[in-house]
There are 2 protein chains.
Amino acid sequence: MNNAKKKSPGRPRSTTSHQAILKAALELLSEVGFEAMSIEAIATRAGVGKTTIYRRYSSKDELVADAIESIREEVLIPDTGNLWSDVDTLIENAAQITLTPLGRQSVAMIISSASSNPGFAQIYWEKYLQPRRQSFAIVIERAKARNEVSTDLDAGLIFDAMSGIMLYALIFPPNESWTAYVRRALSLLLG
Amino acid sequence: MNNAKKKSPGRPRSTTSHQAILKAALELLSEVGFEAMSIEAIATRAGVGKTTIYRRYSSKDELVADAIESIREEVLIPDTGNLWSDVDTLIENAAQITLTPLGRQSVAMIISSASSNPGFAQIYWEKYLQPRRQSFAIVIERAKARNEVSTDLDAGLIFDAMSGIMLYALIFPPNESWTAYVRRALSLLLG
DNA sequence: TGATTTCGATACGGTGCGGTATCGCAAATT
DNA sequence: AATTTGCGATACCGCACCGTATCGAAATCA
């Protein structure tokens with residue numbers, strides 16, 4: 001890939017401006033949502049000229065995709081020796097990501113993009129969901145080895161179901177706590 | 001609740017215009033989503049003056065709420081005497097609504113609107129999901145009476161989980177058929 | 001018939017955003 | 001030092017929409 005071709009003359013692009021743009025974009029995403037956020041507002045909040053944004057990105061989609069990319073973290077595979085401890089860790093982790101205003105909006109934007117753009121759905125599936133699905137399968141495999149669940153449990157299906165429930169509960173918030181709600185649903189799935 | 005207060009003088013409000021407005025609103029909702037649809041666009045498509053809309057509704061929320069309300073077809077409650085027959089009927093019914101290109105688009109738009117706009121989510125929940133949730137509960141109650149499922153099953157939770165899975169499978173299509181996939185997930189939930 | 005209300009149409013001022021261009025200055029390469 | 005590119009700022013044009021007002025025609029009631 002592109003490796004440090006710094007041969008270009010002239011002033012280099014400001015990394016601090018770049019950071020400020022991404023930060024402002026994420027903030028606005030969490031505050032007003034994808035639809036309502038404008039390039040102008042991002043530029044103003046970042047203390048940056050519109051030009052500086054348009055020089056980097058040609059669309060809002062592009063900008064926001066990069067902003068989300070910039071805060072992506074590692075996939076963790078809990079291994080506490082107990083299925084429900086592992087699962088609770090995963091739920092807690094998902095809660096921390098999704099239940100903040102930013103996480104909420106990010107999910108909303110992803111769903112919005114994915115549902116109207118199969119290409120993006122595919123990419124998101126491969127790059128984000130698939131790794132998590134596989135690490136969840138490992139958690140389930142370990143539980144099977146410990147005889148905590150039936151050996152013919154379909155880890156993938158359960159992961160999908162869990163994701164669906166989380167998603168649904170995010171869009172239509174239940175009365176009880178999100179975490180407890182998801183946990184309760186999951187207990188049905190794990191028999 | 002028809003009160004028939006027709007004592008008002010002057011020209012009555014056109015019911016055909018009213019219908020046209022609701023129809024246009026629903027079409028646009030499915031095509032461009034809640035955020036992106038404008039009153040002007042609704043008026044134009046309905047072949048109606050903006051005035052005619054503003055005379056009836058003071059906000060887009062209000063209009064869309066009424067539009068959704070207007071298509072709240074009789075929610076069917078299958079009663080075949082067998083839980084899985086009932087459930088399959090429901091799944092089949094959901095499939096017919098969601099799996100057409102237009103239905104797909106509509107659901108996608110509704111979801112993305114709801115996820116980025118809590119007001120709309122609330123409206124959609126009350127007017128659309130809630131009635132279906134309650135009729136599903138009846139199906140489960142009957143199954144309990146027939147001893148087909150455990151009596152402490154939480155019908156509401158299962159409905160939500162089922163909805164979540166359907167939603168997830170719509171956005172990220174599984175390899176197998178949507179119907180079979182949903183059915184498989186549901187069999188986990190109903191234990 | 002006359003009063004009243006709604007009709008579709010159109011125009012209006014206001015707002016906010018998109019996207020481009022320009023300006024004078026700053027920071028890098030050669 | 002000369003050149004090249006990025007910088008923030010601002011101005012600009014065009015557009016879509018909001019919400020209101022106004023119009024003449026149409027529909028209804030007293």
Side-chain angles (χ1 to χ4, degrees), chain A residues 2-29 31-67 105 109 112-113, chain B residues 2-29 31-67 109 113 116-117 119-120:
Chain A
N2 172 24
N3 278 353
K5 294 256 288 184
K6 313 203 70 170
K7 73 166 182 184
S8 58
R11 177 175 178 173
R13 294 193 173 168
S14 162
T15 56
T16 70
S17 289
H18 199 83
Q19 297 296 88
I21 290 169
L22 296 181
K23 181 163 178 283
L26 289 171
E27 285 172 7
L28 283 170
L29 186 60
E31 289 170 21
V32 303
F34 181 75
E35 311 274 356
M37 68 194 282
S38 67
I39 303 289
E40 299 219 351
I42 298 170
T44 301
R45 175 168 306 208
V48 147
K50 274 201 293 183
T51 321
T52 307
I53 293 181
Y54 279 110
R55 194 175 289 119
R56 290 166 165 74
Y57 307 99
S58 56
S59 72
K60 195 165 63 175
D61 298 52
E62 218 177 282
L63 200 177
V64 173
D66 195 31
Q105 287 294 346
M109 195 223 64
S112 167
S113 303
Chain B
N2 175 19
N3 285 347
K5 294 255 289 183
K6 314 205 71 169
K7 74 168 182 186
S8 58
R11 178 175 176 172
R13 294 194 174 169
S14 162
T15 56
T16 69
S17 290
H18 198 83
Q19 297 296 87
I21 291 169
L22 296 181
K23 181 163 177 284
L26 289 172
E27 285 172 6
L28 284 169
L29 182 62
E31 289 170 21
V32 305
F34 182 76
E35 311 274 357
M37 66 194 283
S38 68
I39 302 289
E40 299 220 352
I42 298 170
T44 301
R45 177 170 304 210
V48 148
K50 276 199 294 182
T51 322
T52 308
I53 293 181
Y54 279 110
R55 196 175 287 118
R56 290 166 165 76
Y57 308 100
S58 56
S59 73
K60 194 165 62 173
D61 297 51
E62 219 176 281
L63 199 176
V64 173
D66 195 32
M109 284 304 174
S113 297
S116 55
N117 187 319
F120 176 75

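If you're wondering where the values come from, they're calculated on a predicted model, not measured in any experiment. Below, each value reflects all heavy atoms present in this structure, side chains not excepted, and no hydrogens, waters or symmetry copies. Note on naming: letters A, B, ... go to the chains in the order of the sequence lines (proteins, then strands), and numbering restarts at 1 for each one.
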In a check of salt bridge (Lys or Arg N to Asp or Glu O under 4.0 Å) between B/Glu40 and each of B/Lys60, B/Arg45, B/Lys50, which one passes? B/Lys50

Considering residues at least two apart in sequence or located in another chain, which fulfil the side-chain hydrogen bond (donor to acceptor under 3.5 Å, both in side chains) criterion with A/Arg11? none

Looking at every heavy atom in both A/Leu22 and A/Tyr57, which two are closest together, and how far apart are they? CD2-OH, 3.6 Å

When A/His18 is tested against each of A/Arg13, A/Lys23, A/Arg56 for side chain to side chain donor-acceptor pair (under 3.5 Å), which residue passes? A/Arg56

Between A/Thr52 and D/dG8, is there a contact of a side-chain N or O with OP1 or OP2 at under 4.0 Å? yes

What is the distance, rounded to the nearest whole Å, between atom CD1 of A/Ile42 and atom P of C/dG19? 12 Å

Going 5' to 3' through nucleotides 14-27 of chain D and flagging B where a protein heavy-atom sits under 4.0 Å of the base, S where only the sugar-phosphate is that close, and - otherwise, we get ---SBBBB---BBB

Which residues satisfy the side-chain hydrogen bond (donor to acceptor under 3.5 Å, both in side chains) test with B/Asp61, sequence neighbours excluded? none

Please enumerate all residues that pass salt bridge (Lys or Arg N to Asp or Glu O under 4.0 Å) together with B/Glu62, with sequence neighbours excluded. none

With sequence neighbours excluded, tell me which residues meet side chain to side chain contact (heavy atoms under 4.5 Å, CB included) with B/Thr51. B/Arg55

Output the rounded distance in Å from CZ (A/Arg13) to C1' (D/dT4). 14 Å

As an exercise, state the distance from CG of B/Leu26 to CD1 of B/Ile21, rounded to the nearest 0.5 Å. 12.0 Å

Note: contacts of residues 16-27 of chain B with DNA chain D (heavy atom, under 4.0 Å) are none

